[in-house]
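Input: a single structure, listed below in structure tokens.
The residues of the chain are indexed from 1 along the displayed sequence.
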Amino acid sequence: MSLVIIAPSKKNTRFWQQSLSESLAQLGLRVNVEIWPEVEKPEEVLMAVTWKHPGESLYAYPHLRVVSSMGAGVDHILKDEHLPLHWQVVRIVDQELTTSMSNYLLAAVLNYHKQMYRYLQLQQHQQWGYTETPEIPLKPGILGLGELGQDIARKLQALGFDVAGYSRSPKELEGIHTYAGEGELDAFLQRVNLLICLLPLTRQTRGFLNRALFARCQPGTYLINVARGEHLVEEDLLEALQQGQLAGATLDVFRQEPLPADHPFWKQPDIVITPHIASVTKPEAAIPQVAENYRRMIRNEPLLNKIDRLAGY
Ligand code: NAP
């Protein structure tokens, strides 16, 4: 039995190989863990553990059954539209990753709310900048009430904010105003003045944050995107900022990463940029989940954190 790691952009594949072999051995499984492209017996590979695998690299294994992401997102796997439907796709869900994302978002929301970036800029020019600035009641709205969206929704609500959330199917979350489906999107957008995008990247959500959506928001809405760069139509954000339809943005993800040096976002004073660090999966948390899924796969038991191939997340 074999497992292949396909992640040429990752520098820690040897660590994954070693730790995964140990985790599998602890479960009593003798599995040969190999790193693409050096795979001795492709016909023995049952599972691939991937991050941004190159084009055809998954198709060399005639008995492949499961493709596991090395992180929370699976869009890098599913962007291959020819992936056989009988291959099961799983991802990593980890409490530490969720907490880390919520900490990033709390920082972004509170920094915006208390205008900390403005004071930092004033400080650089030795300016006191005192003004009477009554706090505008902040009404955060979370796009996507999944693993990450629900956690930040609850934490913002616990801080006293009036929180709303939007998802595909209806949700009931105590103390949170929930909306579902396109039919309720306007009501959601009209209720909030800060939008946090935590949607998965799917055919339906690619380009979701666009000119038409911004026009449906309350004027002066603030945007935080920590999901995927492809959710945002970048030119539309610049236009909405210029027109004052949006007040500003904090962005952790971009269409092209690293963000090119000549990208207009760098010079936009009302955009805060972070280099896709909102929350990073730790191999120590992910590896035992991958090993456990290998065990379940060979016993034909239901896999952990399996995604719905038709929904795309
Ligand atoms: P998840 O658990 O799969 O939750 C997705 C949520 O989005 C669900 O509530 C789902 O609705 C909703 N949704 C899906 N399609 C929708 C649509 N068309 N319209 C409205 N709602 C829709 O995802 P997650 O684990 O919370 O991850 C969220 C995002 O964070 C992903 O894009 C992931 O890649 C990204 N991420 C970023 C970082 C970073 O460092 N920046 C780190 C980790 C994850 P239902 O509840 O009805 O299914």
Side-chain angles (χ1 to χ4, degrees), residues 72-76 78-79 81 101 104-105 108-109 112 138-146 148-149 152-153 163-171 177-260 262-276 278 310-313:
V74 289
D75 45 290
H76 58 100
L78 298 184
K79 78 174 185 197
E81 296 197 340
M101 175 59 86
Y104 174 98
L105 289 168
V109 169
Y112 165 63
L138 199 63
K139 294 187 166 189
I142 324 292
L143 288 165
L145 286 174
L148 304 179
I152 187 59
V163 182
Y166 177 76
S167 53
R168 205 162 64 106
S169 56
K171 298 264 172 305
H177 307 277
T178 54
Y179 299 82
E182 171 60 34
E184 296 186 4
L185 183 57
D186 273 325
F188 165 77
L189 292 172
Q190 283 305 306
R191 184 182 183 94
V192 308
N193 56 17
L194 180 143
L195 263 188
I196 296 175
C197 180
L198 275 169
L199 292 168
L201 186 65
T202 66
R203 227 178 271 154
Q204 285 72 37
T205 65
R206 188 176 297 274
F208 191 87
L209 304 171
N210 61 27
R211 178 188 295 170
L213 182 103
F214 299 148
R216 293 159 78 183
C217 292
Q218 290 201 57
T221 292
Y222 192 83
L223 174 70
I224 301 177
N225 186 21
V226 281
R228 285 289 179 260
E230 291 90 338
H231 284 121
L232 175 66
V233 180
E234 295 184 338
E235 321 69 271
D236 292 2
L237 171 62
L238 290 170
E239 185 188 271
L241 290 172
Q242 201 179 15
Q243 294 169 348
Q245 181 59 16
L246 293 187
T250 293
L251 305 175
D252 184 54
V253 287
F254 303 88
R255 286 190 169 241
Q256 192 182 337
E257 296 177 2
L259 190 65
D262 59 352
H263 196 288
F265 283 176
W266 287 115
K267 293 202 169 144
Q268 193 71 27
D270 38 17
I271 294 182
V272 175
I273 291 170
T274 54
H276 201 147
L310 293 177
Y313 67 97

(Q) Does E239 have more than 12 heavy atoms from other residues, nucleotides or ligands lying within 6.0 Å of its CD? (A) yes
Q. Run the side chain to side chain contact (heavy atoms under 4.5 Å, CB included) check on E182 and Q204 step by step: do they pass?
A. CA-CA 11 Å; E182 171 60 34; Q204 285 72 37; over 6 Å; no
Does the side chain of [X] reach to within under 4.5 Å of the side chain of [Y], using non-hydrogen atoms?
X: V253; Y: V226; answer: no
X: L194; Y: V192; answer: no
X: T178; Y: F188; answer: no
X: Y313; Y: L78; answer: no

Spacing of [atom1] belonging to [X] relative to [atom2] belonging to [Y], to within rounding of 0.5 Å:
X: I142; Y: I152; atom1: CD1; atom2: CD1; answer: 6.0 Å
X: N225; Y: F254; atom1: CG; atom2: CZ; answer: 8.5 Å
X: L237; Y: Q268; atom1: CG; atom2: CD; answer: 7.5 Å
X: R191; Y: H177; atom1: CZ; atom2: NE2; answer: 3.5 Å
X: L259; Y: H276; atom1: CG; atom2: NE2; answer: 13.0 Å
X: L148; Y: L199; atom1: CG; atom2: CG; answer: 11.0 Å

Q) Can R255 and E235 be said to form a salt bridge (charged side-chain N to carboxylate O under 4.0 Å, His left out), step by step? A) CA-CA 11 Å; R255 286 190 169 241; E235 321 69 271; 5.9 Å; no
Minimum heavy-atom separation for [X] and [Y], please, with both atom names.
X: P200; Y: T205; value: O-OG1, 2.6 Å
X: S169; Y: A180; value: C-CB, 3.6 Å
X: C197; Y: L209; value: CB-CD1, 3.9 Å
X: G220; Y: A247; value: O-CB, 3.3 Å

Q. Distance-only, no hydrogens or angles: does the W266 side chain make a donor-acceptor pair with backbone N or O of I273 under 3.5 Å?
A. no
**Q.** Check against side chain to side chain contact (heavy atoms under 4.5 Å, CB included), Y166 and L189
**A.** CA-CA 9 Å; Y166 177 76; L189 292 172; over 6 Å; no
Q. Distance only, no hydrogens: is a donor on one side chain within 3.5 Å (strictly under) of an acceptor on the other, for E234 and H263?
A. yes
**Q.** Residues Y104 and T274: side-chain donor-acceptor under 3.5 angstrom
**A.** yes
Q: In sequence, state the C-alpha distance, the side-chain angles, and the governing distance for R206 and L201, and then conclude on side chain to side chain contact (heavy atoms under 4.5 Å, CB included).
A: CA-CA 6 Å; R206 188 176 297 274; L201 186 65; 3.7 Å; yes
